[in-house]
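Here the structure is laid out as structure tokens; the discussion comes afterwards.
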Amino acid sequence: SESLTGVFVGFSGSEFGQLLAASPAGSSVYAATGSSSSIASGRLSYVLGLHGPCVSYDTACSSALAACHAGLRALQRDECTAGLVVAVTLMLAPGIGMSFAVAGMTSARGRSHAFDARADGYARGEACGGVAISGLEGGALYLLGSAVRQDGRSASLTAPNGQAQKALLGAAWDDAATAADELVMNEAHGTGTALGDPIEAGSLAAAVHGGSVRSASLSVGAAKASVGHSEAASGQVGLLKVQRLLEDSSV
């Protein structure tokens, strides 16, 4: 309590807020705070008595990792002594899922076949998770570096940009003072779409090889193939997966 711990939450939209507004409880004095994205992070600081930065981030499917990036920067600039990075996605109403299906974004098979010839879209999933990050090696997750970029112009608003993805990877490795040939694994976005997966794989290959041949293999995976795409919380799922793998490898 009263520690200078920051809270950084990845959170995109609120189906709960929509349902709340349509119910008798929508006129409650608590309705506004119960569905506000700012309160999603503020409530954690309030309950735990934390005095560090407290922010909610909505960058769609990158919300969790954008929040994590902000937490790392706050640590590096001594704005907080530790960070709590949390992300959540809940599916409480059919509307968004139906619109994604009509747009051809979700899989008719109901599975995210990441980097697979069967890829026909992604399966939506729910998730809620958190991780403590620290600027020092120790009990909390220690991050070497991070980077955030945007695709800019591409084939459409939701279409990926391979060159932008390649530049992002390079920026992250530079920030972490890590060379591409030092990488042993990559937790990919890997939604299981025929458009996004090949572009992501090509961008990674171009960034990793850089015109040279690696002497060691690089493992590439995507949690979405097992648990679906949890959208705003998906980066948190990937981060927790990597953390668990690192813990298991050190046993």
Side-chain angles (χ1 to χ4, degrees), residues 10 12 59-66 68-69 89 96-97 99-125 127 146-176 178-242 245:
S12 183
T59 59
C61 299
S62 61
S63 297
L65 293 183
C68 189
H69 172 80
T89 293
I96 293 178
S99 64
F100 286 171
V102 171
M105 298 169 64
T106 50
S107 169
R109 297 186 177 93
R111 290 290 302 271
S112 293
H113 292 288
F115 305 111
D116 192 305
R118 293 170 295 174
D120 64 344
Y122 72 85
R124 300 187 72 206
S146 178
V148 169
R149 297 285 181 92
Q150 224 281 349
D151 279 329
R153 283 194 177 275
S154 57
S156 70
L157 178 64
T158 58
N161 182 324
Q163 290 301 313
Q165 289 187 6
K166 177 184 175 183
L168 168 66
L169 292 169
W173 298 336
D174 287 345
D175 190 65
T178 301
D181 58 7
E182 296 180 76
L183 299 176
V184 295
M185 71 165 292
N186 178 81
E187 173 62 17
H189 189 42
T191 55
T193 61
L195 173 65
D197 283 9
I199 292 177
E200 182 179 11
S203 300
L204 176 62
V208 168
H209 289 294
S212 62
V213 178
R214 281 176 59 91
S215 58
S217 61
L218 173 63
S219 297
V220 179
K224 296 176 184 66
S226 300
V227 298
H229 185 1
S230 52
E231 297 163 0
S234 61
Q236 187 75 26
V237 174
L239 185 62
L240 290 170
K241 171 189 169 183
V242 171
L245 289 173

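In terms of the salt bridge (Lys or Arg N to Asp or Glu O under 4.0 Å) criterion, R149 has no residue partners (sequence neighbours excluded). Applying the salt bridge (Lys or Arg N to Asp or Glu O under 4.0 Å) test to R153 and every residue at least two apart in sequence or in another chain returns nothing. Legend: residues meeting side-chain hydrogen bond (donor to acceptor under 3.5 Å, both in side chains) with D175, ordered by chain and number and at least two apart, are R73. Partners of D174 by side-chain hydrogen bond (donor to acceptor under 3.5 Å, both in side chains), not counting sequence neighbours: none found. Every residue meeting the side-chain hydrogen bond (donor to acceptor under 3.5 Å, both in side chains) condition with T191, not counting sequence neighbours, appears here in chain and number order: T193.
Here the closest heavy-atom approach between residue F115 and residue A201 is recorded as CE2-CB, 4.1 Å. When every heavy atom of Q165 is checked against every heavy atom of P160, the shortest pair comes out as NE2-CB, 3.3 Å. Here the closest heavy-atom approach between residue I199 and residue N161 is recorded as CG2-C, 4.4 Å. Summarising the geometry of A232 relative to S63, their closest heavy-atom pair is O-CB, 3.7 Å, with the distance given to 0.1 Å. Of all the heavy atoms in D197 and H113, the pair that sits closest is OD2-O, 4.0 Å. Summarising the geometry of C61 relative to S234, their closest heavy-atom pair is O-OG, 3.3 Å, with the distance given to 0.1 Å.
Taken to the nearest 0.5 Å, the CG atom of L168 stands 9.5 Å off from the OG atom of S203. Atoms CD and CG, on E187 and L245 in that order, are 8.0 Å from each other to the nearest 0.5 Å. With rounding to the nearest 0.5 angstrom, the OG1 atom of T89 is 10.5 Å from the CD atom of Q236. The distance from the OG atom of S112 to the CG atom of D120 is 9.0 Å, given to the nearest 0.5 Å. To the nearest 0.5 Å, atom OG1 of residue T106 and atom CZ of residue R111 are 14.5 Å apart.
Within the 4.5 Å cutoff, no side-chain heavy atoms of S12 are placed close to those of E231. Side-chain contact between R124 and F100 is present, with at least one heavy-atom pair separated by less than 4.5 Å.
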Would you check, one step at a time, whether the test side chain to side chain contact (heavy atoms under 4.5 Å, CB included) holds for W173 with V208?
-> CA-CA 10 Å; W173 298 336; V208 168; 3.8 Å; yes
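At distances below 3.5 Å, at least one donor-acceptor pair connects side-chain atoms of S154 with backbone N or O atoms of A159.
A ring pair (Phe, Tyr, Trp, His ring centres under 6.0 Å) check over residues 180-202, counting only residues at least two apart or in different chains, returns the pairs H189-H229.
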